[in-house]
Amino acid sequence: MTDTAALMPRRREVHPDPYFLDYKTSITRSPSLPLLSMESTPSEETGPRFGHNKLGALDNNLISNFTQGKALAVGERIRVHGRVLDETGRPVPHTLVEVWQANAGGRYRHIKDTYFAPLDPNFGGCGRTITDENGYYEFMTIRPGAYPWPNRANDWRPMHIHFSIFGHAFGQRLISQMYFQGDPLIDLCPIAATVRDRSQLDRLVAPLDMQNSRGMDYLAYKFDIVLRGRRQTMFENKPEGM
């Protein structure tokens, strides 16, 4: 594997549909004019990075980071881990990975979340970590609950965790979601349905990883993030990757 790997062109035909009738808010938010491609500026390429040097000991442990270890979050304990890779399979080290999610009842700690599920006083719902030399990351958290959302009469979001991957420059941030193997709501979700290529959608589904689970403690799920190429992860803000 070398730095002169073959060029892997972007496949825009597999990108999620920005305008999707079953996803109501996409109707008003999707672009109505052709997109413009603009060159990045020096400030975007060399600007400040946020959070890379300010990590706490519990930042990647959502079970206990909200209370700084004084009390534990309620819910099924899980470990989410994987690697951040480039299009040729090489690890991407020293990359800031951030996550945020609903609690075990399906509610976010946010003033605009009015779902009836109770807030967990010991769960903040966000965490961060830095990939190591091999591009590896991991989080301890609780399995998020599904929740209803005001789209159609009875739409529910599958259990999911939001991911943000921040590269080495100000403009290098990608956002995606991770779903869980076996969740029947994935096939019913209008947001997931915007990814028309089933193989692309399947790359957002983390398989159960019993080999790295711990008996009487937690289940593990493996979620590798590929930035570009034929095996890339789908991102909400930049479908083509970094």
Side-chain angles (χ1 to χ4, degrees), residues 14-30 62-63 66 72-82 97-127 139-165 174-209 213 218-225 233-237 239:
V14 300
H15 293 172
D17 293 335
Y19 181 90
F20 194 70
L21 288 176
D22 286 342
Y23 181 8
K24 287 198 311 183
T25 56
S26 77
I27 298 173
T28 55
R29 294 190 304 180
S30 60
L62 282 70
I63 297 172
F66 190 66
L72 301 180
V74 174
E76 178 190 342
R77 295 161 57 89
I78 61 172
R79 174 187 176 193
V80 176
H81 71 111
V97 181
E98 298 173 304
V99 296
W100 63 98
Q101 63 171 88
N103 65 19
R107 185 172 176 183
Y108 289 92
R109 184 172 290 279
H110 193 283
I111 191 172
K112 291 187 177 180
D113 191 337
T114 58
Y115 181 34
F116 299 126
L119 285 173
D120 181 348
N122 301 322
F123 185 71
C126 57
F139 291 94
M140 287 298 301
T141 186
I142 54 92
R143 185 194 296 270
Y147 57 84
W149 58 298
N151 186 60
R152 297 175 300 192
N154 191 23
D155 279 329
W156 288 70
R157 291 299 337 272
M159 300 176 292
H160 63 279
I161 297 176
H162 298 268
F163 274 76
S164 167
I165 302 92
L174 299 172
I175 301 170
S176 190
Q177 296 184 23
M178 184 201 91
Y179 301 106
F180 291 83
Q181 177 184 357
D183 188 343
L185 289 174
I186 296 173
D187 290 336
L188 302 177
C189 178
I191 294 179
T194 63
V195 183
R196 296 298 190 94
D197 187 320
R198 185 68 200 202
S199 67
Q200 291 279 2
L201 179 58
D202 288 343
R203 291 169 205 167
L204 299 179
V205 180
L208 181 64
D209 181 8
S213 301
Y218 59 77
L219 291 174
Y221 289 84
K222 191 172 188 296
F223 187 58
D224 289 337
I225 299 168
T233 303
M234 296 305 297
F235 300 104
E236 299 169 13
N237 58 329

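The structure presented is a predicted model; accordingly, all values stated were derived computationally and were not measured.
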Can you tell if the side chain of Val99 reaches within under 4.5 Å of the side chain of Met178, non-hydrogen atoms only?
-> no
Examine distances only and state if a side-chain atom of Thr141 and a backbone atom of Leu62 form a donor-acceptor pair shorter than 3.5 Å.
-> no
Considering only NZ, NE, NH1 and NH2 on the basic side and carboxylate oxygens on the acidic side, decide whether Asp183 and Arg157 come within less than 4.0 Å.
-> no
Residues Ala104 and Gly75: closest non-hydrogen pair is CB-CA, 3.9 Å
Enter the distance from Gln101:CD to Phe123:CZ here, rounded to the nearest 0.5 Å.
-> 4.0 Å
Taking only residues two or more places apart in sequence or in another chain, which ones pass ring-ring contact (aromatic ring centres under 6.0 Å, His included) with Tyr179?
-> none
Out of curiosity, Met159 CE to Gln181 CD, how far, rounded to the nearest 0.5 Å?
-> 10.5 Å
For Ser30 and Pro18, which heavy atoms make the closest approach, and how far apart are they?
-> CB-O, 3.0 Å
Evaluate the side-chain proximity of Arg198 to Asp187: yes if any heavy-atom separation is below 4.5 Å, no if none is.
-> yes
Going by heavy atoms in the side chains, are Asp22 and Arg152 under 4.5 Å from each other?
-> yes
Indicate yes or no: at least one non-hydrogen side-chain atom of Phe180 is less than 4.5 angstrom from one of Ile78.
-> yes
For the side chain of Asp113 and the backbone of His110, is there at least one donor-acceptor N/O pair under 3.5 Å apart?
-> no
Any idea which heavy atoms bring Ala146 and Tyr115 closest together, and the distance?
-> O-CE2, 4.4 Å
With rounding to the nearest 0.5 Å, note down the distance linking CZ in Arg107 to CG in Leu119.
-> 4.0 Å
Donor-acceptor pair, Thr194 side chain versus Asp17 backbone, under 3.5 Å?
-> no
Nearest-0.5 Å distance that lies between atom CZ in Phe66 and atom CG in Asn103 | 11.0 Å
Are Ile191 and Asp155 close enough that some pair of their side-chain heavy atoms sits under 4.5 Å apart?
-> no
Identify the two heavy atoms, one from Ala117 and one from Gly105, that lie closest to each other, and give their separation to 0.1 Å.
-> CB-O, 3.3 Å
Kindly write out the residues that satisfy side chain to side chain contact (heavy atoms under 4.5 Å, CB included) with Leu21, not counting sequence neighbours, or none if the list is empty.
-> Tyr19, Ile27
What's the spacing between Met140 CE and Arg79 CZ if we round to 0.5 Å?
-> 8.0 Å
Candidate pair Gln177 and Leu204, rule side chain to side chain contact (heavy atoms under 4.5 Å, CB included), full reasoning | CA-CA 7 Å; Gln177 296 184 23; Leu204 299 179; 5.6 Å; no
Is the backbone of Glu76 close enough, under 3.5 Å, to the side chain of Arg143 for a donor and an acceptor to pair up by distance?
-> no
Between OG1 of Thr25 and CH2 of Trp149, what distance do you get to the nearest 0.5 Å?
-> 6.0 Å
Any donor-acceptor N/O pair, Asp120 side chain to Val74 backbone, under 3.5 Å = yes
Where is the tightest heavy-atom contact between Gly127 and Phe139, given as atom of each residue plus distance?
-> C-CE2, 3.8 Å
Parallel, tilted or perpendicular: which describes the rings of Phe163 and Phe223, with under 30° parallel and over 60° perpendicular?
-> tilted
For the pair His160 and Tyr108, name the ring-plane relationship: parallel under 30°, tilted 30 to 60°, perpendicular over 60°.
-> tilted
